[in-house]
Structures are given as structure tokens and as C-alpha cells.
Amino acid sequence: MSDHWKLFLRNLNEFWKAFRRNKLGLVGGFLILTALLAAIFAPALTPHSAVDIMRDSNGRALTFASPAMHSPLGTDDAGHDVWALLIYGARISLMVGFLAGFISMFVGSSLGIIAGYFGGAVDTLVMRVTDILMVIPDLPLMLVLVATIRQMDLKVSPLSVLILVIGLLYWTSAARLIRSQTLTIKERQFVARARAIGAGHWHIVRKHILPQLMPLIVTNTVLILSTAILIESGLAFLGLGDPTQPSWGTMLNFAFSRSAISNGAWWFYLPPGIAILWVSLGCILLGNVLEEMMNPRLAAHYLEGDKGMIAITDKETGL
Amino acid sequence: MTPNPILEARELHTYFPVPQSLFEALMRRPHLSVKAVDGVSFALMRGETLAIVGESGCGKTTIARTLIGLEAKTKGEILFDGKEVALRDGQTAIGLQHLRQRAQMIFQDPYESLNPRATIFDIVAEPLVVHGLAKSERERTAAVATALEDAGLRPAEHYFMRYPYELSGGQRQRVVIASALVLQPELLIADEPVSMLDVSIRAEILNLLRDLRQKRGISVIFITHDLSTVAYFADRIAVMYLGRIVEIGLTREVLRDPQHPYTKALLSVAPAPNPRLRRKRVILQGETPNPINLPNGCRFHPRCPVAFDQCKIKDPQPTVLSKTHQAACLLLEK
Ligand SMILES: Nc1ncnc2c1ncn2[C@@H]1O[C@H](COP(=O)(O)OP(=O)(O)O)[C@@H](O)[C@H]1O
Ligand code: SF4
Ligand SMILES: [Mg+2]
């Protein structure tokens with residue numbers, strides 16, 4: 001129906017008007033958008049690929065060459081163009097970060113809603129698992145898991161292992177948050193009303209609980225993306241990335257293991273570091289602004305009041 | 001042959017367990033419960049409006065929620081159209097799902113009973129969707145438009161794509177009414193439908209409800225704490241005190257000739273539309289006892305201005321005063 005389309009545009013427009021007012025949110029959006037564009041249009045932004053080796057006129061590889069016209073960010077130990085590595089690495093870092101972030105948010109939201117809405121034994125089970133996962137430090141656990149799965153030689157690409165391990169372990173805080181919100185929402189009167197007209201659980205979750213949670217889910221997805229990207233970088237830096245598909249973390253790993261520092265090749269280790277900061281800062285800024293914009297509405301609660309009740313107590317009332 | 005009541009409650013009880021602390025559980029303290037509804041019986045005839053009146057906390061909302069199956073009853077029976085309300089349909093039973101198609105509830109707070117992220121169209125169409133009725137887009141649009149216009153929101157199309165926050169309290173309650181009407185219910189349970197609204201628009205909404213009821217012959221349970229709206233609205237009145245009906249009768253009988261001391265006190269402080277009926281004010285002493293530890297004997301005795309010794313011991317049973325009028329007070333039991 002075109003009415004729905006119009007409504008959507010109206011809502012979008014209202015959102016944009018409110019969003020535009022906050023400079024930090026715009027900055028965050030800009031940081032994320034530039035990184036995404038660089039990743040998508042990488043082939044247009046450099047003539048080289050990530051495996052091309054820069055050579056001098058004699059055909060010798062240019063190793064640790066400082067920034068120059070042909071390679072704006074210099075070259076690495078093998079003569080690869082760092083700028084090309086960086087923007088092709090953006091594809092890997094962003095893909096792993098985004099997929100892992102979405103998986104963790106999906107798992108966290110689903111479990112949070114199920115636990116909060118149904119309560120009882122399901123709730124206890126989900127919360128126990130959450131408690132256990134929460135006391136184990138994330139990074140060491142993921143490290144061990146990724147390394148172990150790699151050893152098993154399962155014919156899964158190393159990146160998929162990374163995505164799944166981050167995504168399937170990093171949902172606990174989301175689950176808790178969504179669960180507690182679900183607990184409040186399900187007590188609200190429009191949910192009782194939905195039950196009173198005969199709506200089933202699936203209908204109530206889809207039409208009444210989820211729409212109230214959506215702002216929270218979107219905000220937290222953005223925030224979790226930054227964590228997912230940082231974790232990916234951390235794991236890749238520790239050597240658990242895919243060397244054939246280098247991400248920013250892998251670049252850092254190479255830089256450190258191949259003595260970029262002792263060679264003074266700052267152009268090798270600084271750019272991936274800045275790129276990681278660039279994107280995670282973008283996510284944090286955007287996420288915080290979204291949170292600020294959406295929370296007051298989310299928390300808008302009308303207290304049940306008994307205005308004008310007949311009070312037959314010891315005081316004579318005006319009624 | 002007497003006509004079937006559309007709704008009948010028999011000795012209905014709804015208790016809420018009071019959560020125990022670990023300490024209490026370890027000490028094996030008895031499990032306490034809030035006796036929100038504690039033995040309520042009444043029958044509602046087709047096309048009739050019964051008002052349930054009582055102070056805040058006497059269990060009115062709990063009765064409404066129990067009738068529509070939002071709270072589980074502890075004891076007793078609910079019959080709809082002669083069939084016992086149960087989880088599923090059966091020979092002598094009507095399933096909850098079926099009941100919720102034929103009976104609708106209006107909640108007290110129109111600010112809270114509409115999903116803030118749903119459009120008015122979706123809200124009013126929801127009962128149709130839930131019950132798989134009016135499947136085509138055209139039928140649905142027509143049904144929603146009719147319901148909105150019947151509820152006084154004209155032109156209906158103007159409201160379709162709006163959100164609740166764009167409407168006033170009165171308009172929201174009209175949306176609630178529209179969505180209650182869209183299934184053409186036989187029974188409407190209205191829990192203080194105007195108490196949260198501005199005084200200036202209460203009359204409008206009450207008029208709307210009364211017109212709809214007359215036009216469609218819907219049976220209504222009208223819950224209120226405000227006696228002044230009752231005379232105008234109800235065929236019969238049930239007065240509640242601490243989870244029990246203490247007096248029930250035709251509106252005329254109860255308002256003109258109240259028999260229970262509690263009804264008398266309620267009436268004496270209500271604004272009387274007719275000054276001739278104004279009585280000496282009876283101001284009750286003390287607070288309503290909490291429904292966890294009910295007083296022995298007559299539950300009204302700690303506050304009853306005419307209580308006597310027996311009242312502390314004996315729980316009064318309903319006394320038949322006329323074919324239509326009953327009250328539960330020991331003074332009437334002789
Ligand atoms: N879900 C619940 N859990 C525990 N106690 C409740 C619950 N709902 C209502 N009560 C208690 O039951 C009593 C009756 O409440 P209610 O039916 O809301 O009264 P009313 O609608 O007449 O104001 C009150 O004492 C209230 O505190
Ligand atoms: S039984 Fe006694 S306490 Fe109860 S209402 Fe009658 S006179 Fe009052
Ligand atoms: Mg109430």
C-alpha cells in the first residue's frame with residue numbers, strides 16, 4: 001500500500017531531522033561510511049592489488065619503501081603497497097566485524113526475548129549460560145577456541161571460524177539487556193490487551209515486543225560492531241587471522257613479526273591501527289547518539305494512576 | 001423459560017500468591033495470598049449492563065481480567081452463553097480463544113493500552129488478523145473504517161496511518177473502543193473506561209458507549225469507582241468490598257434504597273444528581289484492610305458505622321430483599 005510507503009518516508013524524514021542535529025552522530029556516520037565506501041570501491045581507489053609487489057626500475061622489490069607517489073602509504077617488507085593492503089583489508093575487517101556483530105546481536109536478542117517473555121525454566125537456563133560465559137574472559141576463550149578449531153582441520157575457512165566464534169560467544173551482554181527490556185515491555189497494558197483479543201505468543205512477540213525493542217537492538221548492533229571489529233583485530237594480531245586474506249589485524253601482526261618497528265616503517269603499522277580506531281570510534285559515536293535519541297522514547301512510561309478515585313477514608317474528599 | 005445469561009460467575013475466586021523470602025520459606029511460614037476476588041457470583045443477561053462499583057483495590061480489575069482469562073481463577077466457574085469457559089472448546093465448554101472473539105475488554109488507561117509503535121489502522125485491524133477474519137485488504141479496510149466511524153473518529157481514513165501519540169486521550173479511548181467493536185462482540189467488559197480521561201470528555205465517551213450498546217444490543221460489564229456515572233449507564237449495580245459483592249440490585253433499587261451499610265456510605269459521599277436524594281454524609285473511619293489478612297466475620301466490620309458484636313464472628317451471606325435485590329449484612333439476616 002502506498003500509504004505504508006508514505007508513512008515510512010515520513011518516519012525516516014523525522015528520524016533524519018532529529019539525527020542531523022547531533023554533530024557527533026554525523027561524525028560517527030561519516031567515519032563508518034568512508035570505511036565502507038573504501039572497502040566497496042577498493043579497486044577504483046588503487047591501481048594495485050593486495051598481492052602486487054612494487055618494484056624499482058631494475059625489477060627489484062621495493063621493501064619498506066617510505067610513502068611516495070606510486071605507493072601513497074609506502075610498502076611493506078615484501079614490497080606490497082600498504083594503501084592497497086589497507087583498503088582491501090577493510091573488506092576483511094568490516095566483513096568479519098559486521099557478520100560477527102550481526103550474529104551476536106541476533107543470538108543475543110533472540111535468547112533475551114525468549115528468556116524474558118517466557119520466563120521459567122527457559123529463562124533460568126539462558127541466564128545460567130550467560131553467567132558462565134560472562135565470567136570467562138572473552139579474548140582468551142576465543143583464542144583457545146579458534147586455535148583448537150583450526151587444528152581440527154575442518155575444511156572451514158579461517159574467516160568463517162573467526163566470525164562464528166566471535167558471533168556465538170559475544171552475545172551475553174545483548175541477551176541480558178534485551179531480556180530485561182522484554183520483562184518490562186511484557187507487563188505493559190497493550191500486551192495484556194493483545195492477549196485479551198486472543199493474540200498468540202508469536203504474534204505478541206512479533207507485533208508488540210519486537211517493535212519496542214527495535215531501537216535498542218539497532219543501537220546495540222552498532223555498538224557491538226565496534227567490539228566485534230576490535231576482537232577480530234585482536235585475534236588476527238595474535239596470528240589467528242587468515243594470512244591469505246589479510247585484515248587490519250593481520251597487517252599489524254605482519255608489521256610486528258617482520259620488524260617494521262626496528263626498520264622505522266611507521267607507514268606499515270600506523271595505518272591499520274588508525275583504521276581500526278577510525279571504524280570503532282565511528283561505531284561508538286553513532287551508537288551513543290542513537291542510544292541518546294531512542295532511549296527517552298523507549299523509557300516513556302505512563303504510570304497507572306488512580307486520579308479521582310473515591311477515597312472513603314478518614315478524610316472527607318471533594319467528591 | 002428464562003433466557004440464558006450471556007455471562008455467569010459462580011463463586012469466583014482469584015488469589016495472587018505473595019512471594020516468600022528465603023527466610024520465610026526456611027521458617028516454613030504459611031504461604032500467603034492476596035485475595036483479590038474472594039467469592040463473587042453474578043449473572044449478566046443479554047443486552048444488560050451491570051455496573052461493578054467499589055473503591056480502588058477492591059478487586060474490580062482483577063474480576064475483569066479473570067473473566068477474559070488474563071488471570072487464572074483460583075476457584076469457581078465462569079460461564080459464557082451457558083458454556084463453561086475453558087482452555088479449549090468442548091461439548092459444554094467454550095475455549096478462551098472463542099471467548100475472546102465474542103467478548104472484548106476495554107482497559108482503564110488509553111495511554112497504555114495502545115502499542116506506541118503501531119498505526120491506528122493496525123491496532124483496530126488486529127483482532128481481525130488474530131482471528132483470521134476479513135482476510136482481503138478491501139474487507140479489512142472496510143471493517144476498520146466502519147469501526148472507527150462508529151467510535152466517532154471521522155473521517156476514518158484520516159486516522160489510519162497515525163500513531164497513538166498523535167491523538168488525545170479521548171481519541172485514543174475511541175480507538176480502543178473501535179478495536180473492541182470490530183469483531184462485533186456480544187459482551188463488552190469496560191474497566192473504568194473514562195477514569196483516566198479529562199473530566200470534560202468523559203461524558204462524550206460515556207455517551208458513545210451508551211449509544212453503541214443501545215444500537216447493537218451488546219451486554220456490558222461496566223466497572224467504575226464513580227457512582228455518579230452509574231445511574232446514567234447501568235441497568236443493575238453490584239457494589240464490591242474487598243473482593244466480594246456486598247450488594248447487588250437494579251440501579252434504581254440500589255441508589256434509592258441502599259441496604260448495605262457500605263453502599264449507604266458510598267452513596268452519601270457521591271455527588272447526587274438529585275438533591276432530594278442527598279443524605280447525611282457517612283464518613284468511614286480507617287483504611288481499607290489489606291486483602292492478605294482479611295478481618296474475621298464480616299470483612300467490613302472494622303470500618304462499619306453500625307457494626308455489632310456478631311459482626312466480628314459471623315460472615316454474612318447474601319439476603320434476598322426482592323426478586324432483584326440482595327445484600328450481605330447481618331442486620332438484614334433476621
Ligand atoms: N498481579 C497481582 N499480583 C498481586 N496482587 C495483585 C495483582 N493484581 C492486583 N493485585 C491486588 O489485588 C487487589 C485488587 O486489585 P484490583 O483488582 O486492581 O482492584 P481495583 O481494580 O478495584 O482497583 C489489590 O490489593 C491489588 O494490590
Ligand atoms: S454485617 Fe455488621 S459489620 Fe458487616 S455490614 Fe452488616 S452491620 Fe456492618
Ligand atoms: Mg482497577
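All values below come from the heavy atoms of this structure, side chains included, with hydrogens, waters and symmetry mates left out. Chain A is the first sequence line, chain B the second, and so forth, proteins listed ahead of strands; every chain is numbered from 1.
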> Salt bridge between A/Lys207 and B/Glu126, side-chain N to carboxylate O under 4.0 Å?
no
> Can you run down the salt bridge (Lys or Arg N to Asp or Glu O under 4.0 Å) pairs that involve residues 117-128 of chain A, sequence neighbours left out, and say none if there aren't any?
A/Asp123-A/Arg179, A/Arg128-A/Asp131
> Using a heavy-atom distance cut-off of less than 4.5 Å, which residues of residues 194-206 of chain A contact chain B?
A/Ala194, A/Arg195, A/Ala196, A/Ile197, A/Gly198, A/Ala199, A/His203
> Identify the heavy atoms of B/Phe107 and A/Arg193 that sit nearest to each other, and give their distance.
CE1-CA, 3.4 Å
> Any side-chain to backbone donor/acceptor pair from B/Asp109 onto A/Gln189? Under 3.5 Å, distance only.
no
> List the residues meeting side chain to side chain contact (heavy atoms under 4.5 Å, CB included) with B/Leu206, not counting sequence neighbours, and say none if there are none.
B/Val194, B/Phe222, B/Thr229, B/Tyr232, B/Phe233
> Let me confirm one number: the OG-CZ distance from B/Ser113 to A/Arg188, rounded to the nearest 0.5 Å.
11.0 Å
> Can you find a pair of side-chain heavy atoms, one from A/Lys6 and one from B/Met161, that are under 4.5 Å apart?
no
> Sequence neighbours left out, what passes side chain to side chain contact (heavy atoms under 4.5 Å, CB included) with B/Ser136? Give chain and number order.
B/Arg138, B/Glu139
> Got B/Val176 and A/Phe190 here, is their nearest side-chain heavy-atom distance under 4.5 Å?
no
> When only pairs under 4.5 Å are counted, which of B/Pro185, B/Ser179, B/Pro116, B/Ala180 shares the most heavy-atom pairs with chain A?
B/Pro116
> For a 4.5 angstrom cut-off between non-hydrogen side-chain atoms, does B/Phe121 reach A/Leu7?
no
> Who among B/Ile123, B/Asn115, B/Val129 has the most heavy-atom pairs with chain A under 4.5 Å?
B/Asn115
> Using a cut-off of 6.0 Å, state whether more than 12 heavy atoms not belonging to A/Phe15 lie near its atom CZ.
yes
> What part of B/Thr119 gets within 4.5 angstrom of chain A, counting heavy atoms only: side chain, backbone, both, or neither?
side chain
> Should we count CZ of B/Phe16 as having more than 12 external heavy atoms under 6.0 Å?
yes
> With a 4.5 angstrom heavy-atom cut-off, could you sort out which part of B/Ile68 is near chain A: side chain, backbone, both or neither?
side chain
